[in-house]
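To start, the structure itself, in structure tokens.
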Number of protein chains: 2
Amino acid sequence: MAPTDHRPLTLRDVSEASGVSEMTVSRVLRNRGDVSPATREKVLEAAKALGYVPNKIAGALASQRVNLVAVIIPSLRNMVFPEVLSGISNVLETTDLQPVVGVTDYLPEKEERVLYEMLSWRPSGVIIAGLEHSDASRAMMRAAGIPIVEIMDIDGTPIDAAVGISHRRAGREMAQAILKQGYQHIGFMGTKMPLDHRARKRFEGFTEVLAKNGIEVEDQEFYSGGSALAKGREMTEAMLERSPELDFLYYSNDMIGAGGLLYLLEKGYDVPGKIGLAGFNGVELLDGLPRKLATMNAGRSEIGTKAAEIIAERVADPTKEVERIVELSPKVLYGDTLKRR
Amino acid sequence: MAPTDHRPLTLRDVSEASGVSEMTVSRVLRNRGDVSPATREKVLEAAKALGYVPNKIAGALASQRVNLVAVIIPSLRNMVFPEVLSGISNVLETTDLQPVVGVTDYLPEKEERVLYEMLSWRPSGVIIAGLEHSDASRAMMRAAGIPIVEIMDIDGTPIDAAVGISHRRAGREMAQAILKQGYQHIGFMGTKMPLDHRARKRFEGFTEVLAKNGIEVEDQEFYSGGSALAKGREMTEAMLERSPELDFLYYSNDMIGAGGLLYLLEKGYDVPGKIGLAGFNGVELLDGLPRKLATMNAGRSEIGTKAAEIIAERVADPTKEVERIVELSPKVLYGDTLKRR
DNA sequence: GTGAAAGCGCTAACAG
DNA sequence: CTGTTAGCGCTTTCAC
């Protein structure tokens, strides 16, 4: 076999093989317009026999339409985001739109680069995590002239539309729940992430309510990197050694909360009697723990679903007015670690 | 402000704004060819002022070059795949290639669709999980004329190149380690996934070694859906009730293994004295458990790294010969649950 | 160092 | 129902 020059197949090849004009071949392959069953058959056969795969690049340029939706998130390791993605995929699968994922690692500069790259493919819409972006990023999104949905957070001003929860409110509600159960000596653990705005807002809401009740967070600790479960364990140990008077530990995510819970159970602490615990997110993982960690449901797949729906509607009808802000309600899940003592 | 018609900006706009020809503008924006510092300056300024974002669709069509690498994996929920992705990203970030992720949900038909979609964007290469694909999928990949790297598994015949471990061997080695420690009554738990070929191969290798030693798996159970941690817990309870004579439990992944471990510790079982445990994957999560589950390191980020390197090399020099099969060695990690009793 | 012309592979728009 | 023509926005190639 001579080493065939690997020129990719084009419409013209299918046209010649089937004896049908390029235009009609194109119509068949896109299911557009009326084509007689006979020619359709011929075309499909030829295309299949050749193994033709359409060139979307050329198609997109000619039609000025790209069925991609850019989805920009901080990380894939955080469990939370794959769930949001599922929600998005489920909805987009019912349309002819396709998600394309970009990851920012919580870095604004990287967000900017990723956004630039993605916009240069002229997607039909953008779903992006958070409301905080660099000026350049905002400018790009505004200038793109496509629907933009900012997700996860609604505490701020969206460029176009936002779907999520109020993290300030989430923090406030958790604080209220904790105080209501009579806990008074509270420690906090979280990620060392100045750029995790949502965690910051939760913490702000949390301390705000405590302050109103004359209470302060008595100890706090932050981590970065490593196994979150292990970090939760270590931080909890260190904190209780330092501040044995604490009767409640609030974790900025469920993973470190789970680590803390395992540690406390192992050491024989009375949870939630002597000490209560709560995390944030409502991850599935918690179902498998010996005791159920209190947490808060942030409605992740719902966020994905709603965001994708907004994009789909706006793509279908660009003039359509949609709600600018969709606020979902975070719910305190009491589990077994935040209970009337 | 009149509602500006949102015609996206083109090179021509930048050209007009800067008084430089389109061609030269293009050269500046791509850093290609010599351009005088003065004009370069002018162009950059104009582009920035306008907020111009190049149109890669047109660029790709004209240059017949697309800097995308299609990465096709079964799922994002499985921890394992985000890690592989990190490895890929880390390498590709040093080139001008970009990963684009597609998810198949372990369904061959979906794999076929995703592949078709991705190939229609004419990527520079494909990284795809597994060696089992539909005939149509294989045909497409072969016909694409681009480097294809199949990852995770090497037990089979790659289309072009493969990077991964032998799951049969992994299963065999785990069986040997278990037998060597004197365990004799073995139960198995895994996913109910006829399409998870790698889990199947591990199981085959595992039973092969047991058989050679005159031993059979005495009980087994499969699950699907739900929280893996919780399922591990439930299945373990059910299995030990049914088969109390078991002295070792082999789990097809670390998550269910962790669930089992937590259950056993809670019930006060002597681990690994009365009963030993092992999982598969070496996930970071295990570091946070009260006791370290025995497992096997499958070298995930290494797989991603190596696969991306192969693609990058082949893109840089298509004639270059690369190893067709890169076998990484799975290593048994004894942890605290597979020990001399 | 810079510019003009041609064309990448497809589809919109129109004609028949 | 089918075909023809023009051109999407850029880069290649070749001229100057």
Side-chain angles (χ1 to χ4, degrees), chain A residues 5-44 46-47 50-67 96 117 119-124 144-145, chain B residues 5-44 46-47 50-67 96 117 119-124 144-145:
Chain A
D5 245 318
H6 245 324
R7 181 181 57 75
L9 296 164
T10 70
L11 257 193
R12 165 175 237 118
D13 295 307
V14 182
S15 165
E16 284 170 0
S18 63
V20 177
S21 79
E22 283 186 45
M23 194 55 232
T24 301
V25 172
S26 167
R27 281 196 267 255
V28 171
L29 265 24
R30 286 178 299 146
N31 282 314
R32 284 256 187 300
D34 292 327
V35 180
S36 78
T39 49
R40 147 178 257 83
E41 202 54 41
K42 264 196 296 190
V43 169
L44 255 23
L50 293 173
Y52 173 68
V53 176
N55 185 331
K56 287 218 180 192
I57 297 176
L61 183 60
S63 66
Q64 306 280 40
R65 240 171 297 123
V66 180
N67 66 341
D96 65 345
E117 282 293 329
L119 289 180
S120 73
W121 289 100
R122 301 287 187 267
S124 295
Chain B
D5 244 319
H6 246 326
R7 181 181 56 75
L9 296 164
T10 69
L11 259 191
R12 162 174 240 119
D13 295 308
V14 182
S15 165
E16 284 170 359
S18 62
V20 176
S21 79
E22 282 187 44
M23 195 53 237
T24 300
V25 171
S26 165
R27 282 197 267 256
V28 171
L29 265 24
R30 285 177 299 146
N31 280 315
R32 284 255 187 301
D34 292 329
V35 180
S36 79
T39 47
R40 147 175 257 86
E41 202 53 41
K42 265 196 296 192
V43 170
L44 256 22
L50 294 174
Y52 172 68
V53 176
N55 184 331
K56 287 219 181 195
I57 297 177
L61 184 61
S63 66
Q64 306 279 43
R65 244 190 309 256
V66 179
N67 66 342
D96 65 345
E117 281 296 329
L119 289 179
S120 73
W121 288 99
R122 300 288 187 266
S124 294

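Protein chains get the first letters and strands the later ones, always in sequence-line order, with residue 1 at the start of each. Just so we're clear, the structure is a prediction, and the values are computed from it rather than from any experiment.
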Do NZ/NE/NH1/NH2 and the carboxylate oxygens of A:Asp13 and A:Arg7 come within less than 4.0 Å?
-> yes
Look at A:Tyr52 and C:dG9 and indicate whether a side-chain polar atom (N or O) is within less than 4.0 Å of OP1 or OP2.
->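 Negative; the distance criterion is not met.
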Could you give the [atom1]-to-[atom2] distance, from [X] to [N], as a whole number of Å?
X: A:Leu61; N: C:dG9; atom1: CG; atom2: P; value: 12 Å
X: A:Asn55; N: C:dC8; atom1: CG; atom2: P; value: 12 Å
X: B:Ile57; N: C:dC10; atom1: CD1; atom2: C1'; value: 12 Å
X: B:Lys56; N: C:dC8; atom1: NZ; atom2: C1'; value: 17 Å

Just so I know, are the side chains of [X] and [Y] near enough to count as touching, which here means a heavy-atom distance under 4.5 Å?
X: A:Thr24; Y: A:Val35; answer: yes
X: A:Asn31; Y: A:Arg40; answer: yes
X: B:Leu11; Y: B:Leu29; answer: yes
X: B:Leu50; Y: B:Val14; answer: yes

Just list the side-chain donor-acceptor pairs under 3.5 Å for residues 52-59 of chain A, sequence neighbours left out, or say none.
| from | atom 1 | to | atom 2 | distance (Å) |
| --- | --- | --- | --- | --- |
| A:Asn55 | OD1 | A:Ile57 | N | 2.8 |
| A:Asn55 | OD1 | A:Ala58 | N | 3.2 |
| A:Lys56 | NZ | B:Glu117 | OE1 | 2.7 |

Between atom OG of B:Ser124 and atom CZ of B:Arg122, what is the distance when rounded to the nearest 0.5 Å?
->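 Reported to 0.5 Å precision, the distance equals 12.0 Å.
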Gap between atom OG of A:Ser63 and atom CZ of A:Arg32 - 0.5 Å precision |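 The OG atom of A:Ser63 is 9.0 Å from CZ of A:Arg32, to the nearest 0.5 Å.
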Pull out every residue in residues 10-36 of chain B that has a heavy atom closer than 4.0 Å to any atom of DNA chain C, ordered by number, or say none.
-> B:Val20, B:Ser21, B:Met23, B:Thr24, B:Arg27, B:Asp34, B:Val35, B:Ser36
Between which nucleotides of DNA chain D, read 5' to 3', does contact with chain A run, using atoms under 4.0 Å from its heavy atoms?
-> D:dC1 to D:dG9
